[in-house]
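Values below: all heavy atoms of this structure, side chains included; hydrogens, waters and symmetry mates excluded. Values in this document were obtained by computation on a predicted structure and should not be read as measured data. Atoms within a ligand are numbered from 1 in the order they appear, just like the ligands themselves.
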Amino acid sequence: MKLHHLILGGIVLGCLAGALLPQAWLPFFDTLGELFIRALSMVMIPLVLASLIGAVLSLGDPRKLGRVGLKTIVYYLVSAVVAVSLAIAAANVVKPSRFFSAERRVKLEAEFKDKAAARIKSSEKAREEFTVWGFIKRTIPKNPVAAMTEDPPDMLAIIVFAVLVGVAASLLPDAARKPFADFTQSLYEVMLKLIHLIMLAAPLGVFGLMARVVMTLGPEILLSVFAYFITALGVMAVHFFVFYPVTVRFFSGMSPLAFWKGLRDVFLTAFSTSSSAATLPLSLKVVHENLKVPMPITNFCLSMGATVNMDGTAIFQAVAAIFIANVYGMDLTLGQNAAILATTVLAAIGTAPIPGAGVVMLAVIMTPIGIPLEGIALILGVDRLLDMARTVVNVAGDAACAVIVAASEKELPA
Ligand code: ASP
């Protein structure tokens with residue numbers, strides 16, 4: 001049996017267990033799911049370090065590294081701007097707040113008050129530091145070890161550190177570079193092996209995660225913010241089913257079907273874990289093996305993309321910010337919409353690739369525009385479902401970029 005059959009089985013059985021078993025099972029499902037996510041997250045930092053340093057070293061020629069780096073960043077930025085523009089347009093046209101009464105607002109505010117307060121609290125530091133200059137400054141870590149031990153780890157700083165170490169190592173003479181390159185390669189392979197072992201437990205982990213989602217999500221909540229939910233999901237679907245396949249087809253000639261089929265295990269894992277970081281190990285393997293993107297480009301684009309490229313998250317953040325503003329009676333001006341565009345593109349880059357992190361950065365986007373932060377309570381009830389969807393979009397974007405960059409370097413087999 002193939003992995004995606006087993007994961008799919010875990011998803012279906014998890015949904016059934018969550019719907020049929022009593023609440024007393026929740027701690028068990030919660031533990032099962034958390035163990036799986038923690039095991040995958042455990043590998044994230046050494047994996048990103050080894051894969052990025054290794055990628056930079058094997059790209060070799062600094063001109064090639066510059067080219068690949070530039071193309072990757074341009075694709076990630078353009079796709080984020082397209083995603084957020086679509087989201088802003090949809091949120092303003094559909095105006096999901098129209099279908100939302102004041103009573104519901106009061107009810108949801110009361111129900112999710114504590115959870116919202118916790119998210120707002122964790123966004124405190126990011127909100128204080130969130131200026132363009134602060135953002136740029138933060139990319140260079142004063143202390144890379146501290147960046148790794150923060151919770152969640154400061155992935156942006158870790159990426160920059162890894163790329164710089166790779167560049168420095170590639171400038172060394174062979175005698176000094178080779179042992180380091182061999183060590184990095186070996187560390188990378190050890191991490192992949194570890195992930196392989198962890199993925200053997202994926203069906204069980206996914207079972208626990210899905211059972212928890214179903215158990216903690218009531219249908220009333222979903223109905224009460226249905227218009228918002230559908231608007232966000234609709235834009236994500238357009239980005240996933242139109243933007244990625246069209247750009248992949250146009251720039252690489254790969255058929256959308258081959259693209260989606262090659263990535264199905266990745267999508268299922270992203271969907272059930274809601275974490276780009278937890279999905280990264282599998283994406284690295286699958287994009288190389290199924291989509292035939294050479295290792296250095298796969299590793300470069302995906303290790304960077306897991307943190308930097310989050311179109312699904314950006315779509316959610318823009319729709320949620322506008323929805324909440326409208327519910328609180330704010331009609332956003334063109335300038336405010338433009339501010340949402342700019343801050344969302346940056347905030348999505350700064351969002352940690354873990355479950356629920358998008359909401360923390362949502363607070364960062366809302367603050368400069370003056371949207372009431374307590375409004376986060378309104379969207380929390382359905383956030384896990386949207387998180388699952390946006391994580392699928394996030395990882396699809398990373399893979400699309402890897403395919404396009406490889407094709408543009410003429411390194412994709414015909
Ligand atoms: N869960 C998302 C990811 O890991 C981040 C977020 O939007 O919360 O890609």
Side-chain angles (χ1 to χ4, degrees), residues 33-34 36-38 40-45 47-48 76 79-80 83-84 87 115-116 118-120 122-123 126 151-156 158-159 205-206 209-210 212-213 228-229 232-233 235-236 239-240 244 263 266-284 301-321 323 343-366 376 379-401:
E34 273 302 307
F36 178 55
I37 298 248
R38 289 173 79 109
L40 285 171
S41 312
M42 164 180 88
V43 188
M44 172 171 74
I45 294 176
L47 180 77
V48 165
Y76 286 157
S79 72
V84 181
K115 280 192 185 155
R119 302 291 173 97
I120 295 168
S122 22
S123 71
D151 186 25
D154 186 348
M155 290 312 292
L156 203 55
I158 296 172
I159 287 174
V206 164
L209 289 167
M210 292 310 296
R212 180 176 71 179
V213 171
Y228 152 74
F229 180 80
L233 203 63
V235 182
M236 287 182 207
H239 208 60
F240 183 83
Y244 295 140
L263 291 170
V266 168
F267 294 153
L268 286 175
T269 309
F271 180 78
S272 38
T273 61
S274 294
S275 166
S276 303
T279 313
L280 175 64
L282 190 67
S283 329
L284 288 171
C301 294
L302 298 191
S303 298
M304 193 177 260
T307 296
V308 166
N309 180 48
M310 294 205 181
D311 295 346
T313 297
I315 290 170
F316 143 74
Q317 286 167 332
V319 174
F323 169 68
T343 44
T344 306
V345 169
L346 284 189
I349 295 175
T351 302
I354 54 171
V359 177
V360 175
M361 289 310 269
L362 172 62
V364 175
I365 299 166
M366 290 162 67
I376 286 180
I379 51 112
L380 275 185
V382 289
D383 195 60
R384 183 61 189 216
L385 279 186
L386 276 185
D387 199 2
M388 293 158 82
R390 66 192 184 237
T391 308
V392 173
V393 178
N394 292 346
V395 298
D398 304 341
C401 177

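Only the backbone of I354 comes within 4.0 Å of ligand 1, judged by heavy-atom distances.
Heavy-atom proximity to A357, at under 4.0 Å, picks out these atoms of ligand 1: 8 (O). Each of the following atoms of ligand 1 lies closer than 4.0 Å to a heavy atom of G356: 8 (O). Within the listing of ligand 1, atoms 4 (O) sit less than 4.0 angstrom from a heavy atom of P353. Taking every non-hydrogen atom of T313 and a distance limit under 4.0 Å, the qualifying atoms of ligand 1 come out as 5 (C), 6 (C), 7 (O). Near T391, the atoms of ligand 1 lying under 4.0 angstrom from a non-hydrogen atom of the residue are 1 (N), 2 (C), 3 (C), 9 (O). Taking every non-hydrogen atom of S275 and a distance limit under 4.0 Å, the qualifying atoms of ligand 1 come out as 4 (O).
The residue from M388, R390, Q317 that puts a heavy atom closest to atom 7 (O) of ligand 1 is R390.
Within the 3.5 Å criterion, the main-chain N or O of Y76 finds a donor-acceptor partner in the side chain of S79. Using a distance-only test at 3.5 Å, with no hydrogens or angles considered, a donor-acceptor pair links the side chain of N394 to the main chain of T313. Formation of a donor-acceptor pair under 3.5 Å by the T351 side chain with backbone atoms of A347 is found in this model. A donor-acceptor contact shorter than 3.5 Å is absent between the side chain of S276 and the backbone of V395.
The distance from the CZ atom of R390 to the CG atom of D383 is 4.5 Å, given to the nearest 0.5 Å.
Side chains of T279 and V266 form a contact here, defined as non-hydrogen atoms less than 4.5 Å apart. When side chains are defined from C-beta on, L209 counts as touching R384, because their heavy atoms get closer than 4.5 Å.
Between M44 and P153, the shortest heavy-atom contact is CE-CG, 3.8 Å.
The protein atom (non-hydrogen) at minimum distance from atom 8 (O) of ligand 1 is G358 N, 2.7 Å. S276 N, 2.8 Å is the protein heavy atom nearest to atom 4 (O) of ligand 1.
Taking any N or O of S274, backbone or side chain, at least one lies under 3.5 Å from an N or O belonging to ligand 1. Between M310 and ligand 1, no pair of N/O atoms sits closer than 3.5 Å. Not one N or O of A352 is nearer than 3.5 Å to an N or O of ligand 1, by distance alone.
Taking the six-membered ring where tryptophan is involved, the planes of Y228 and F323 are essentially parallel, since the angle between them stays under 30° and well short of 60°.
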